[in-house]
**Student:** 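Let me give you the structure first, and then I'll get to my questions.
We use all heavy atoms of the structure for the numbers below, so side chains are in, but hydrogens, waters and symmetry mates are not.
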Amino acid sequence: MAAPPTPLVFKVTRREPVLITPSEPTPHELKPLSDIDDQDGLRVQIPIICFYSYDPAMKRRDPVQVIKEALAKTLVFFYPLAGRLREGPGRKLSVECTGEGVLFIEADADATLEQFGDALYPPIPCLEDLLFDVPGSGEMINCPLLLIQVTRLRCGGIVFALRLNHTMSDATGLNQFLSAMCEMVHGAQTPSIQPVWERHILMARNPPQVTCSHHEYDQLADTAADNVPLSMKTHRSFFFGPADISAIRGLAPPHLRHCSTFDVLTAFLWRCRTIALQPNPNDEMRIIVIVNARNRFNPPLPRGYYGNCTAYSVAMATAGEISRNSLGFTLGLVRKAKANVTEEYMRSVADLMVIKGRPWYTMVRSYLVSNVTRAMLAEMNFGWGKPKFAGPAKGNVASFQILYRNKNGEDGILVTLCLPTPAMERFEKQLDSTFKEKSNGGGDAKSPLSSL
């Protein structure tokens, strides 16, 4: 775990926000979102940030102009993103493709990439300066669907930050859009993967019928533990390198040691987190695994589909069961939650949205986990090479797993976590104790507390 960084203070000079429109005329039409897209849990803004080092080969090119031009060209193909959301009967969302454009902010900071030190991970220092919240721009309806800020650093590096209206795309869809922008920077005339709208694929059936269990949408009463204000929580990032993952895998029973890194790490963290929270042993604890369901369909969704196609699949157990049992217990539950997501499951979710009024997923006694290691944000090259960091800018609701290279050049998984401060202290002790025990048993793993 990284120690809280020394507060970084610098001045950012911003130009007035402008609207970037598609570089060519686009259709003016009304396109309904899917019944997966417009659920309440996705009616949020998601911040992403990328840091790039100075590249002498790009000395004569202004990153602001490069990215603006690529953005305008890309919006020709992803023209719904240049429109505005409208809400109809039954709270149904559609995007009016008006071509009004996306918000763009040009900025300069009197800071260097080196001044950020080793703090290039969530929570990002001075995020509000690097991704300015333009007043009145952050509502779901009748507002820009995308905001991008490009900040030049004094050292010649750049910071690329964006805020996306989540109803339009999930991580896979956003990756497709940004990849197309990168291709435009490098001279492409069209994206290598053509964007596909076809949101009708994930509309509710007629008549709608809920055929699967969806505990993620259970209506539960909040508890005192769920209502801890953010000011009383601690937000940390933890790095797990290959040796750490191997040590955790060794805690699983032999028949489960082949499981994916995501499954093993998630099961381990859910158990440690539960112990650290010290709930009543009889309390039902939940894990919500965000599952990309594109390949669960037969036939699979079109390759260029950039809408939301994720499920919030739940596993449940009492705090006592999680604490008493070994890693194999939670690992089995995580795997079952992922396996529950099928084509029928997704169609059942869409039907539930229509029947129950597009409810939020519950966060009561829940650990929400999102795997963005396959989003390929770390590959986004706008001409300045691969980013030093690319991923979610904060993780105070979901716990993200992000591809990351630590200060020693070691590749691994960065995990964001937000807990009430006393629970975070206990979590760190639990983590440290686990790795010390493994090390004393002859392993070579070091605690992630010292890895960033």
**Student:** Are Arg43 and Glu87 within salt-bridge range, i.e. N to O under 4.0 Å?
**Tutor:** yes

**Student:** Check this for me: does any side-chain nitrogen of one of Asp218 and Arg286 sit under 4.0 Å from a carboxylate oxygen of the other?
**Tutor:** yes

**Student:** Taking the basic N atoms (NZ, or NE/NH1/NH2) and the acidic carboxylate oxygens, is any pair closer than 4.0 Å for Asp35 and Arg358?
**Tutor:** yes

**Student:** Would Arg205 and Glu344 pass as an ion pair if we require N to O under 4.0 Å?
**Tutor:** yes

**Student:** Going by an N to O cut-off under 4.0 Å, is there a salt bridge joining Lys429 and Glu425?
**Tutor:** no

**Student:** Does Lys394, at its NZ atom, have more than 12 non-hydrogen atoms belonging to other residues, nucleotides or ligands within less than 6.0 Å?
**Tutor:** no

**Student:** Which heavy atom of Tyr345 sits nearest a heavy atom of Tyr312, and at what distance?
**Tutor:** OH-O, 4.1 Å

**Student:** Is it true that Asp38 and Lys92 make a salt bridge, defined as a side-chain N closer than 4.0 Å to a carboxylate O?
**Tutor:** yes

**Student:** Would you find a donor on one side and an acceptor on the other, under 3.5 Å apart, between the side chain of Arg426 and the backbone of Ala276?
**Tutor:** yes

**Student:** Take atom CZ in Arg374; do more than 12 heavy atoms of anything else shown fall under 6.0 Å from it?
**Tutor:** no

**Student:** Flag the pair Lys356 and Asp40 as a salt bridge only when some basic side-chain nitrogen lies within less than 4.0 angstrom of an acidic carboxylate oxygen.
**Tutor:** no

**Student:** Under 6.0 Å from the six-membered ring centre of Trp197 and within 45° of its axis: does the NZ or CZ of Arg199 meet both?
**Tutor:** yes

**Student:** Side chains of Asn165 and Thr167: is there a donor and an acceptor less than 3.5 Å apart?
**Tutor:** yes

**Student:** Would you say the rings of Tyr361 and Tyr217 are close, in the sense that their centroids are separated by under 6.0 Å?
**Tutor:** no

**Student:** Counting only heavy atoms not in Arg405, do more than 12 sit closer than 6.0 Å to its CZ atom?
**Tutor:** no

**Student:** Going by the side-chain contact (heavy atoms from CB on, under 4.5 Å) test, name the single residue among Thr261, Thr266, Leu414, Thr416 that passes it with Gln401.
**Tutor:** Thr266

**Student:** Under 4.0 Å between a side-chain nitrogen and a carboxylate oxygen: does that hold for Arg86 and Glu96?
**Tutor:** yes

**Student:** Considering the options Pro300, Ser34, Ser169, which one meets the side-chain contact (heavy atoms from CB on, under 4.5 Å) requirement together with Tyr305?
**Tutor:** Ser34

**Student:** Going by atom types only, do Thr98 and Glu100 share a side-chain donor-acceptor pair under 3.5 Å?
**Tutor:** yes

**Student:** Under a 3.5 Å distance rule, please check whether Asn292 uses its side chain to pair with a backbone N or O of Arg294 as donor and acceptor.
**Tutor:** yes

**Student:** Can a side-chain donor-acceptor contact be found between Glu216 and Ser366 if the only test is distance below 3.5 angstrom?
**Tutor:** no

**Student:** Considering all heavy atoms of both residues, which atom of Pro125 and which atom of Phe116 are nearest to each other, and what is their separation?
**Tutor:** O-CE2, 4.2 Å

**Student:** Say whether Asp351 and Ser348, considering side chains only, have a donor N or O and an acceptor N or O under 3.5 Å apart.
**Tutor:** no

**Student:** Should we count CD of Glu139 as having more than 12 external heavy atoms under 6.0 Å?
**Tutor:** no

**Student:** Is the NZ atom of Lys31 crowded by more than 12 outside heavy atoms at less than 6.0 Å?
**Tutor:** yes

